[in-house]
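What follows is a short report on a single structure.
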Amino acid sequence: MTLNELEIGKTAKIVRLNGEGAVKRRIMDMGLTKGTEVTVRKIAPLGDPIEITVRGYELSLRKDEAGKIEVA
C-alpha cells in the first residue's frame with residue numbers, strides 16, 4: 001500500500017521509498033524515512049495535495065510524491 005491510498009485519520013509506518021535521485025532525496029529531506037510513522041490529516045477535494053503529520057509537524061505532499069512512499 002502507498003501513502004496516497006491511506007484513508008484520512010489512519011496511521012502507518014513507512015516501509016520503503018521508491019523513486020530515484022532528487023525526488024527520493026527531497027522526500028527524505030522532509031523527514032519521511034523508513035520506519036517513520038505518518039498520519040493522514042486531510043485530503044483535498046480533488047485528491048491533491050495530501051496533508052500528513054510526520055515527526056510532530058504538518059506536511060503537504062503531492063499525490064504523485066505520496067505514491068512513491070510504501071506504508072504498512
Side-chain angles (χ1 to χ4, degrees):
M1 171 183 274
T2 58
L3 186 57
N4 63 346
E5 297 170 341
L6 203 60
E7 296 176 15
I8 296 172
K10 301 288 182 182
T11 300
K13 191 174 280 196
I14 297 174
V15 177
R16 181 179 160 166
L17 297 174
N18 297 316
E20 298 178 12
V23 175
K24 187 173 182 178
R25 171 56 52 197
R26 182 172 179 269
I27 291 170
M28 291 175 68
D29 287 345
M30 290 187 283
L32 299 166
T33 55
K34 185 176 176 181
T36 304
E37 284 193 357
V38 295
T39 305
V40 176
R41 305 284 296 180
K42 299 177 193 172
I43 299 175
L46 297 176
D48 198 16
I50 298 170
E51 184 178 304
I52 62 170
T53 300
V54 59
R55 299 182 189 259
Y57 67 94
E58 307 292 317
L59 179 66
S60 291
L61 290 175
R62 294 184 197 124
K63 192 173 184 178
D64 64 319
E65 291 172 332
K68 292 178 175 24
I69 303 168
E70 291 182 27
V71 296

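One is the number of the first residue; the rest follow in order along the sequence.
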**OP:** Output every pair passing salt bridge (charged side-chain N to carboxylate O under 4.0 Å, His left out) with a member in residues 43-61, not counting sequence neighbours, ordered by first then second residue.
**Re:** R41-E58

Original post:
What is the minimum heavy-atom distance between L32 and L17, and which atoms define it?
Top reply: O-CD1, 3.3 Å

Original post:
Taking atom CD of E70 and atom NZ of K34, what is their separation to the nearest 0.5 Å?
Top reply: 10.5 Å

**OP:** Check each of T33, T39, V38 against V54 using the side-chain contact (heavy atoms from CB on, under 4.5 Å) test, and report the only one that passes.
**Re:** V38

Original post:
Can you name the nearest heavy-atom pair linking I27 to K68, along with the distance?
Top reply: CD1-CB, 4.3 Å

**OP:** Report the C-alpha distance between E65 and V23 in whole Å, list the side-chain angles of each, state the deciding distance to 0.1 Å, and finish with yes or no for side chain to side chain contact (heavy atoms under 4.5 Å, CB included).
**Re:** CA-CA 8 Å; E65 291 172 332; V23 175; 5.6 Å; no

Original post:
Taking all atoms of both residues into account, what is the closest heavy-atom pair of A72 and A12, and its distance?
Top reply: O-CB, 3.5 Å

**OP:** Quick one: list whatever passes side chain to side chain contact (heavy atoms under 4.5 Å, CB included) with I8, sequence neighbours left out.
**Re:** V40, I43

Subject >> pair I69-L61: side-chain heavy atoms closer than 4.5 Å >> reply: yes

Original post:
Rounded to the nearest 0.5 Å, how far apart are OG1 of T53 and NZ of K42?
Top reply: 9.5 Å

Original post:
Which atom pair, heavy atoms only, marks the closest approach of I50 to A66?
Top reply: CD1-CB, 4.0 Å

